[in-house]
There are 2 protein chains.
Amino acid sequence: MGTSDTRGTRERLIDSTRELLWERGYVGTSPKAIQERAAAGQGSMYHHFHGKPDLALAAIGRSAEELRARAEAGFSGPGTVTERITGYLRREREVLKGCPVGRLTQDPDVMADPELRRPVEETFAWLTGRLAALLTEGRASGEFGGGLDPAATATALVAVVQGGYVLARASGSAEVFGRAVDGALGLLAAHSR
Amino acid sequence: MGTSDTRGTRERLIDSTRELLWERGYVGTSPKAIQERAAAGQGSMYHHFHGKPDLALAAIGRSAEELRARAEAGFSGPGTVTERITGYLRREREVLKGCPVGRLTQDPDVMADPELRRPVEETFAWLTGRLAALLTEGRASGEFGGGLDPAATATALVAVVQGGYVLARASGSAEVFGRAVDGALGLLAAHSR
DNA sequence: GTCTATATATAGATAGAC
DNA sequence: GTCTATCTATATATAGAC
């Protein structure tokens, strides 16, 4: 994320909030911790933002945007649908840190606030829809059999990624994430022609 | 869970801690909130438990035990392997509340404490192993093709459940969980003979 | 824009009376 | 076993000087 000194206080505050939300969640993140990590004072933080929720909104929006951009980069690249989906699933991730957006679904205060919740909801709706479109494309081109349900399969694939993070964190091993993905790809392969 | 008055203070404290850990996580759960929900005083809580971590340990152990028992009930029942796995995946769940054990993987203070973490780790190791054994059984009996990788597939299935919770919470809709499960079962069906 | 002072509420406990 | 008092640290700000 690059919390460099040249970024300006406002940006550093957003970055440090993103990191802390990722590591500790919303309830576990205090203004003081944000300030310390950003090397900013109390006054600076409350000058640039109205408070913790306001800062969290900026941070969550940024993380959601980044997730989307990274995924889209893989989806719209070259290759068959299977190749692009495989690339997305096998892309390098900081698996043991979990998903910076997905983890927010476990934060009651985030989910209770419509403003904070929206980016989370939209991110997964977009991601699932995008994968479903790819699968539809693959079915139309004959890459997959007609029995494949694009919407359900797309949802399952996104779930494997999110669940893969959970299992990796539970076991303390990034390999488990790879195993979940391999399992999903193995099943998907059975649907190929 | 039944926080009835007849259960004894100690049990009520464990129950209310389980509920709060489920709803708000470890960091988001205060001793005061636990006491209020259990209708127990400060003194009672610290008489029965050494503090928040001690109480959390009892609560997490109980939840892990319950998850395991419920899963095993479905796994060891009658029917083909596919039927039993389908039964497990489609079993009724409080989907929008998330998984009481899986959500703990997002709690940094739980994962940082080896004692609190162990039940979480063991639960998913057991669950994945148990499903892998079932899939191996199904492959041996010819229910699935030889190309199916039991360990990877089992991991993917557990991930679909955990990720299904995440997506359901993100969208605010329990249906999404069912869609993820349907997608996984659709893929698994392609591996059947 | 940033800093320091100040303020209220809650977290997470300990001590000792009953 | 349970209750009340007390305690220190932190959460989450606001106010006003510089």
Side-chain angles (χ1 to χ4, degrees), chain A residues 3-60 103-104 106-113 115-116, chain B residues 3-60 104 106-113 115-117:
Chain A
T3 311
S4 127
D5 240 45
T6 66
R7 304 206 60 203
T9 302
R10 195 192 145 84
E11 289 299 306
R12 287 205 319 279
L13 283 165
I14 294 178
D15 284 346
S16 85
T17 304
R18 290 180 62 191
E19 292 172 7
L20 283 162
L21 285 181
W22 196 0
E23 293 167 18
R24 306 202 37 86
Y26 186 84
V27 219
T29 295
S30 68
K32 190 182 170 195
I34 292 171
Q35 294 152 26
E36 278 170 359
R37 191 172 295 210
Q42 188 101 322
S44 293
M45 184 186 130
Y46 285 101
H47 170 74
H48 290 288
F49 299 94
H50 292 145
K52 187 174 152 179
D54 187 31
L55 192 36
L57 182 59
I60 293 173
R103 75 106 59 230
L104 299 170
Q106 305 300 332
D107 247 307
D109 294 358
V110 169
M111 300 314 277
D113 180 331
E115 279 211 277
L116 296 181
Chain B
T3 311
S4 127
D5 240 45
T6 66
R7 304 208 58 201
T9 302
R10 194 192 146 85
E11 289 299 306
R12 287 205 321 278
L13 283 164
I14 294 178
D15 283 346
S16 85
T17 304
R18 288 181 64 191
E19 292 172 7
L20 282 162
L21 286 181
W22 197 0
E23 294 167 18
R24 306 200 37 86
Y26 186 84
V27 216
T29 296
S30 68
K32 190 181 170 196
I34 292 171
Q35 292 151 27
E36 278 169 2
R37 192 172 292 210
Q42 186 102 322
S44 292
M45 183 185 131
Y46 285 101
H47 169 74
H48 290 289
F49 299 94
H50 291 144
K52 186 174 153 178
D54 187 30
L55 192 36
L57 181 60
I60 293 172
L104 299 170
Q106 305 299 334
D107 246 307
D109 294 359
V110 169
M111 300 314 278
D113 181 331
E115 279 210 277
L116 296 182
R117 185 203 177 119

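Lettering of chains follows the sequences in order, A, B, ..., and the numbering in each one begins at 1. Values below: all heavy atoms of this structure, side chains included; hydrogens, waters and symmetry mates excluded.
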Problem set entry | Under 3.5 Å: donor-acceptor pair, side chain of Ser16(A), backbone of Ile34(A) | yes
Exercise. When the distance from CD of Gln42(B) to P of dG1(D) is rounded to whole Å, what number comes out?
Worked result: 19 Å
Exercise. Are the side chain of Arg7(B) and the backbone of Arg12(B) linked by a donor-acceptor contact shorter than 3.5 Å?
Worked result: no
Problem set entry | Considering all heavy atoms, the nearest Tyr26(A)-Lys52(A) contact | O-NZ, 2.8 Å
Problem set entry | Ser44(B) side chain near dC3(D) phosphate (N/O to OP1/OP2, under 4.0 Å) | yes
For this session: Please step through side chain to side chain contact (heavy atoms under 4.5 Å, CB included) for the pair Ile14(B) and Arg18(B), ending with a clear verdict.
Result: CA-CA 6 Å; Ile14(B) 294 178; Arg18(B) 288 181 64 191; 4.2 Å; yes
For this session: Whole angstrom is fine here: how far is it from OH in Tyr46(B) over to P in dA5(D)?
Result: 18 Å
Problem set entry | Nucleic acid contacts - residues 26-35 of chain B versus DNA chain D, non-hydrogen atoms under 4.0 Å | none
For this session: Please name the pair of heavy atoms, one in Leu13(A) and one in Met45(A), separated by the smallest distance, quoted to 0.1 Å.
Result: CD1-CA, 3.8 Å
For this session: Please check if the side chain of Arg103(A) supplies one atom and the backbone of Leu21(A) the other of a donor-acceptor pair under 3.5 Å.
Result: yes
Exercise. Of all the nucleotides listed (dT12(D), dC3(C), dT2(D)), which has the minimum atom distance to the side chain of His47(B)?
Worked result: dT2(D)
Exercise. Within this structure, what is the CZ-to-C1' distance between Arg10(A) and dG1(C), rounded to whole angstrom?
Worked result: 13 Å
Exercise. Does the Asp107(B) side chain pair with the main chain of Asp109(B), one donor and one acceptor, at a distance under 3.5 Å?
Worked result: no
For this session: Ignoring hydrogens and angles, tell me if any N or O in the side chain of Arg24(A) forms a donor-acceptor pair with the backbone of Thr29(A) under 3.5 Å.
Result: no
Problem set entry | Contact list for DNA chain D against residues 48-58 of chain B - heavy-atom distance below 4.0 Å | His48(B)
Seminar exercise, completed: Separation of dA11(C) atom C1' from Leu20(B) atom CG, nearest Å, is 14 Å
Exercise. Is the phosphate of dG1(C), meaning OP1 or OP2, less than 4.0 Å from a side-chain N or O of Thr9(A)?
Worked result: no
